[in-house]
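These notes are about the structure you will find just below.
Reckoned from all heavy atoms, side chains included, excluding hydrogens, waters and symmetry mates. Just so it is clear, the structure is predicted and the values come from calculations on it, not from any experiment. Here is the naming used below: chain letters follow the sequence lines, and residue numbers restart at 1 for every chain.
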Amino acid sequence: MRARELYPGVYEIDILHATDDELMEISESMGLALSMEEMRRLKDFFASLGRNPTDVEIHAIAQGWSEHCSYKSSKKVLRKYIFGIPSKHALIVMQDDAGVVEFDENHAYVFKIESHNHPSAVEPYGGAATGVGGIIRDILNMGAKPIALVDPLFFAPPDYPYEKLNPGIKHPRYLLNGVVAGIRDYGNRVGIPTVAGMTYFHEGFVNNILVNAGCLGIVRKDKIVRSRVDKPSLLLVMVGGRTGRDGIHGVNFASRILGEKSEEERQAVQLGNPILKEPLIHVILEANEMGIIKGMKDLGGGGLGSVVGEMCYSGGVTAEIYLDKVPLKEEGMAPWEIWVSESQERMLLAMEEKDLDRLREICEKWDVEMSMIGKTKEGENLELYWHGKKVLDLPLKFVTAGVEYERPYKIKKVEKMQELPVEPNYREIFLRLLSSFNIGSKEWIIRQYDHEVQGRTVIKPLQGVIGYESHGDAAIIKPLYDSWKGIAITTVANPQLGEIDPYKAALYTVDEAVRNLVSVGARPHSFSDCLNFGNPEKEEIMGEFVESCRGLGEAARFLGIPYVSGNVSFYNEAFGKNIPPTAVLMAVGIIDDIRYAVTSDFKEEGNPIYLVGETKEEMGGSEYYRLIGAKSTTVPEVDLEELRKRSEELLKAMKKGVIRACHDISQGGLAIAAAEMCLGGNIGAELDLAPLGFMRADFKLFSESATRWLCEVQRGKEKEFESIVKARKIGVVSGNTLRVRDDSRWLFNVHLNIMRERWRAALRDYVG
Amino acid sequence: MWGEIMKVAVLQIEGTNCEEESYAAFKHFNQDVEYVHLNLVKRGKKRLEDYDILFIPGGFSAGDYVRAGSIFAARLKAIAWKELKKFVEDENKRIIGVCNGFQILIELGLLPGVDGISEVPEAALMVNDSNRFECRWVYLRKERDTSFSKEVPELIALPVAHAEGKFFTTSKILEEIEENRQVVFRYVSPSGGKAEYPWNPNGSLNDIAALVNSYGNVMGIMPHPERAFHWYQHPDWTRKKREVGDGYYIFKSLLHHK
Amino acid sequence: MLKATIIVRYKQGVDDPEGKSIKHSLELLNFKDIQEVRVAKYYEIYLDKPLEEGKREVEEMIRKLLVNPVIHDYEMRVEEL
Amino acid sequence: MLKATIIVRYKQGVDDPEGKSIKHSLELLNFKDIQEVRVAKYYEIYLDKPLEEGKREVEEMIRKLLVNPVIHDYEMRVEEL
Ligand SMILES: Nc1ncnc2c1ncn2[C@@H]1O[C@H](COP(=O)(O)OP(=O)(O)O)[C@@H](O)[C@H]1O
Ligand SMILES: [Mg+2]
């Protein structure tokens with residue numbers, strides 16, 4: 001690589017005379033992660049300007065073109081399926097850092113889910129913590145107060161043998177512990193409750209864990225701040241943490257395959273500083289209350305470069321930036337490092353000069369640093385200065401608009417088959433399911449998160465008798481002091497179905513999201529998606545991505561639920577293995593009056609139990625088949641019309657107050673749903689599966705067919721319930737055991753205490 | 001002092017984070033409540049003596065690095081130790097610390113306060129026996145009527161959310177605490193009996209959940225009354241009807257009795 | 001420049017839940033024969049002061065912030081760099 | 001019986017919020033001239049093993065549980081009691 005020092009810390013890089021090999025060497029040695037095609041494009045561009053770029057310019061462009069910043073592989077597909085689902089209440093969709101949706105006449109809620117997979121694989125504690133920190137900023141920069149966090153997590157099973165780990169790969173137990181601690185220490189310290197999530201174990205995540213983090217906030221409509229500026233002569237002010245060498249090339253790192261060398265990618269790893277973030281949240285909200293913020297964006301992946309670029313580009317202005325005004329953590333940083341650094345806990349505000357002192361006063365109260373680092377202006381070109389010298393002068397469009405690919409893809413054909421195993425010992429298999437990693441109690445995780453801080457969590461993630469609580473389907477937040485309206489939140493993903501049939505899995509994921517929201521009495525309102533996939537340069541992987549998006553889009557469109565924000569994480573590949581396709585939904589529902597909310601725990605002896613929905617012989621991807629090692633590609637089908645009808649019926653019945661408990665049927669099937677309802681209520685039940693018709697008893701018990709719920713109905717209200725909801729009565733709440741028969745044949749009878757012990761032991765015995 | 005409006009300061013620094021719920025609780029009773037950042041006290045913009053009640057809310061003040069509450073305590077001590085002592089010696093004034101606030105009062109030496117005020121800590125709120133942050137609901141038995149507990153029923157449920165809440169002290173001081181009847185609330189089992197884990201969520205000696213000083217005007221409590229102010233904040237409201245949350249009664253006691 | 005190293009431990013007789021929990025985790029990883037694990041807080045403070053004054057100052061930091069005498073013992077070492 | 005003492009620090013260049021925060025707090029308490037505060041984890045592990053085997057075992061513990069080489073450096077000392 002030929003380079004010439006222009007000023008101290010700034011180099012001119014000779015690309016005009018570089019051969020193809022040399023171009024790739026430049027990409028490699030500067031850590032740009034650009035392809036040959038992109039490097040050539042870069043060269044052509046500077047040839048047309050008749051000059052060589054500075055190192056600052058090259059880094060700025062590489063950043064803007066990274067997968068993470070530009071969505072170059074995914075944009076076309078997203079546009080086709082995910083974007084543009086019509087909705088009356090969606091206010092800002094897929095434009096700014098987070099989606100904004102109407103809550104009531106005066107308020108909107110703001111939310112988004114994002115991945116932080118690579119950093120968490122390398123350093124689970126810091127990676128997860130900064131994932132939480134980053135998603136909080138995305139909500140905050142819309143002017144909203146963050147009021148809830150969620151954290152879907154995916155690991156290899158905790159009993160994975162050490163000897164089988166690839167070099168440099170950490171054990172799932174170490175990763176689980178680190179990730180949970182990171183989320184706990186960050187979320188708890190900033191005072192935002194973590195109210196929902198999921199914890200999923202599957203061998204396919206052994207090399208690449210997934211750590212997704214979502215956040216939801218609430219804002220008065222007149223206080224919404226856009227992630228763009230459309231006026232020249234506004235000051236750009238950086239508030240919060242200082243800029244350091246940490247986090248350099250995080251986005252390029254995120255768009256690369258993990259390998260043994262990742263151990264050294266330390267610079268991309270940060271620990272996060274919640275105790276800088278907490279006062280920063282106050283500063284931003286107080287300043288916003290005063291109305292002095294004219295545009296705002298947080299510094300996340302891509303750092304200052306991508307923030308200035310996107311903020312100005314989308315508003316139709318450009319900017320000049322004085323890099324030497326940026327407060328630094330360490331001396332001697334080069335200008336390009338300042339421009340791309342992804343140091344945490346920073347926000348960029350656009351404001352008028354006259355308001356600067358008011359911001360300063362707030363910052364002083366909270367001991368938070370601020371610095372004016374530039375100005376917006378009219379024109380085409382972005383200009384960066386370093387101690388008075390111009391070090392970058394490029395059309396903003398070229399840097400920011402990035403590239404787009406139409407990646408070739410291949411859709412795998414699914415041959416339908418299903419093995420028929422011998423009938424199991426029901427009691428034994430039931431208990432094994434109850435204590436399997438994916439079904440067993442997640443209490444160890446949930447209770448380490450403060451899920452009640454702020455006092456808004458009116459339906460908790462754990463539901464039931466105090467001290468005996470079991471899993472709920474969704475949490476409900478009551479965001480406003482003087483309104484009964486609530487927001488229900490859940491997260492869903494089905495990698496085990498995804499690896500068989502990504503399209504049907506996506507339909508099923510939407511189905512489950514709706515089921516979970518309806519279970520607590522909420523009407524599904526909007527989605528944020530986090531799409532975690534392998535290497536998109538492989539046609540099969542790209543095919544999985546396309547099929548997933550098609551399913552997600554189709555289902556949501558049918559139901560009229562928009563995707564208002566989202567995130568794509570590709571390159572979850574290592575040692576030649578890709579993760580199972582994992583489309584994660586963060587789903588939000590609205591309940592008009594939280595007093596009608598329903599929880600999953602059985603309430604009262606003598607109440608009848610109803611099954612809503614059809615049970616089918618679809619065992620593909622089920623926990624039961626996984627556990628007994630049986631094969632099936634027959635995954636559950638989703639009938640969206642049925643889903644809509646059953647949901648409406650249930651919501652109506654809940655409004656009438658005839659449903660005392662409700663739980664959707666998901667992993668482990670009917671048997672596990674019933675068990676969880678018993679555990680939370682600390683009361684037993686008797687079930688008879690005969691009304692399900694003619695089918696193997698193990699299928700009746702453990703099938704994970706879509707669009708199903710179990711409901712406990714208030715005794716005496718059976719007629720009213722039956723007149724509203726299409727359902728079959730299958731049992732009654734009673735005693736202190738769960739006893740199940742299929743007509744005259746008893747399948748099992750297990751005491752509550754035994755169930756609870758097995759259910760709680762699932763994780764406990766591995767995490768200490 | 002029924003009906004009289006009190007001036008309440010909800011103290012905060014970076015990392016304090018239950019201030020809004022606490023503020024709302026006082027507002028509910030129409031009190032004159034405001035947020036007071038320690039920096040404002042330090043710069044002379046606010047004075048502790050202007051308030052009737054100091055409320056130190058929960059959270060992770062300064063990250064709870066070193067030990068929970070220790071940094072907040074050290075800073076408060078450096079800024080306003082004299083004023084704070086005067087405050088405590090005025091029998092008409094009250095200080096209440098919840099969770100992190102309790103940790104701060106212990107670190108300040110205002111609690112257990114067997115002889116009033118101590119210059120060095122005489123107890124500790126240590127890391128929970130489980131070595132984990134625990135967010136869960138517990139049952140408390142009222143041990144004594146004080147100006148913080150007079151309106152409270154005998155058995156209540158409140159949430160805890162802390163990693164460092166195990167009350168610990170020397171056997172001598174523990175004896176004095178019991179002799180002086182300074183324990184206001186103890187963790188108990190759901191039926192009111194002796195608490196084992198998780199009913200005693202942290203391993204506190206003598207199941208102590210809340211203490212007053214010997215003067216009776218400073219209380220520290222680990223569970224969060226401000227998070228259980230309304231019935232719908234209880235985890236079992238879909239099973240059990242209540243008019244108000246159990247934490248409501250603590251605020252009511254504090255505001256209606258001198 | 002001075003470097004002060006401060007180790008803050010639980011007093012004998014005071015339970016160390018973190019130590020216990022790490023012991024448990026190690027046992028889950030199949031490490032046998034562990035008698036005990038104890039954990040301490042370890043601080044290094046670098047400061048620009050003459051030795052004697054620095055020592056006094058570090059002692060004050062310990063007293064004011066780093067140690068709770070009810071549960072902690074500590075070791076302190078101050079050296080010139 | 002063996003006693004292993006392990007100190008786990010953040011590598012140079014890893015930004016440590018805890019150390020920073022404590023430094024800031026000490027400054028607010030009027031301690032001037034602090035250059036830096038660094039916080040480390042300090043473990044003492046007692047185990048019943050012969051010296052060589054014990055050393056190997058402790059190294060494995062470090063690798064599996066106590067240290068992430070991406071961000072941590074460590075010191076280890078094993079002695080016979
Ligand atoms: N990592 C996690 N963080 C927070 N909550 C979690 C996590 N994992 C599981 N939960 C909570 O545990 C409960 C059960 O989770 P799950 O079995 O995935 O529910 P469902 O199948 O109904 O979606 C839910 O309340 C969920 O929010
Ligand atoms: Mg569910």
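Considering only heavy atoms from C-beta on, D:I22 stays 4.5 Å or farther from C:I45 through its side chain.
For the pair C:L47 and D:I34, the tightest heavy-atom approach, listed with the atom from each and the gap, is CB-CA, 4.0 Å.
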Below 3.5 Å only, please: all the donor-acceptor pairs between chain C and chain D, one per line.
{"from": "C:R9", "atom 1": "NH1", "to": "D:E44", "atom 2": "OE2", "distance (Å)": "2.4"}
{"from": "C:D33", "atom 1": "O", "to": "D:D48", "atom 2": "N", "distance (Å)": "3.0"}
{"from": "C:D33", "atom 1": "OD2", "to": "D:K49", "atom 2": "NZ", "distance (Å)": "3.3"}
{"from": "C:Q35", "atom 1": "N", "to": "D:Y46", "atom 2": "O", "distance (Å)": "2.7"}
{"from": "C:Q35", "atom 1": "NE2", "to": "D:D48", "atom 2": "OD2", "distance (Å)": "3.4"}
{"from": "C:E36", "atom 1": "N", "to": "D:Y46", "atom 2": "O", "distance (Å)": "3.4"}
{"from": "C:E36", "atom 1": "O", "to": "D:Y46", "atom 2": "N", "distance (Å)": "2.8"}
{"from": "C:R38", "atom 1": "N", "to": "D:E44", "atom 2": "O", "distance (Å)": "2.7"}
{"from": "C:R38", "atom 1": "O", "to": "D:E44", "atom 2": "N", "distance (Å)": "2.7"}
{"from": "C:A40", "atom 1": "N", "to": "D:Y42", "atom 2": "O", "distance (Å)": "2.9"}
{"from": "C:Y42", "atom 1": "O", "to": "D:A40", "atom 2": "N", "distance (Å)": "2.9"}
{"from": "C:E44", "atom 1": "N", "to": "D:R38", "atom 2": "O", "distance (Å)": "2.7"}
{"from": "C:E44", "atom 1": "O", "to": "D:R38", "atom 2": "N", "distance (Å)": "2.7"}
{"from": "C:E44", "atom 1": "OE1", "to": "D:R9", "atom 2": "NH1", "distance (Å)": "3.3"}
{"from": "C:E44", "atom 1": "OE2", "to": "D:R9", "atom 2": "NH1", "distance (Å)": "2.1"}
{"from": "C:Y46", "atom 1": "N", "to": "D:E36", "atom 2": "O", "distance (Å)": "2.8"}
{"from": "C:Y46", "atom 1": "O", "to": "D:Q35", "atom 2": "N", "distance (Å)": "2.7"}
{"from": "C:Y46", "atom 1": "O", "to": "D:E36", "atom 2": "N", "distance (Å)": "3.4"}
{"from": "C:D48", "atom 1": "N", "to": "D:D33", "atom 2": "O", "distance (Å)": "2.9"}
{"from": "C:D48", "atom 1": "OD2", "to": "D:Q35", "atom 2": "NE2", "distance (Å)": "3.4"}
{"from": "C:K49", "atom 1": "NZ", "to": "D:D33", "atom 2": "OD2", "distance (Å)": "3.3"}

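Heavy-atom distances place the side chain of D:L66, and not its backbone, under 4.5 Å from chain C. For C:I7, the part sitting under 4.5 Å from any heavy atom of chain D is the side chain, from C-beta outward, and nothing else.
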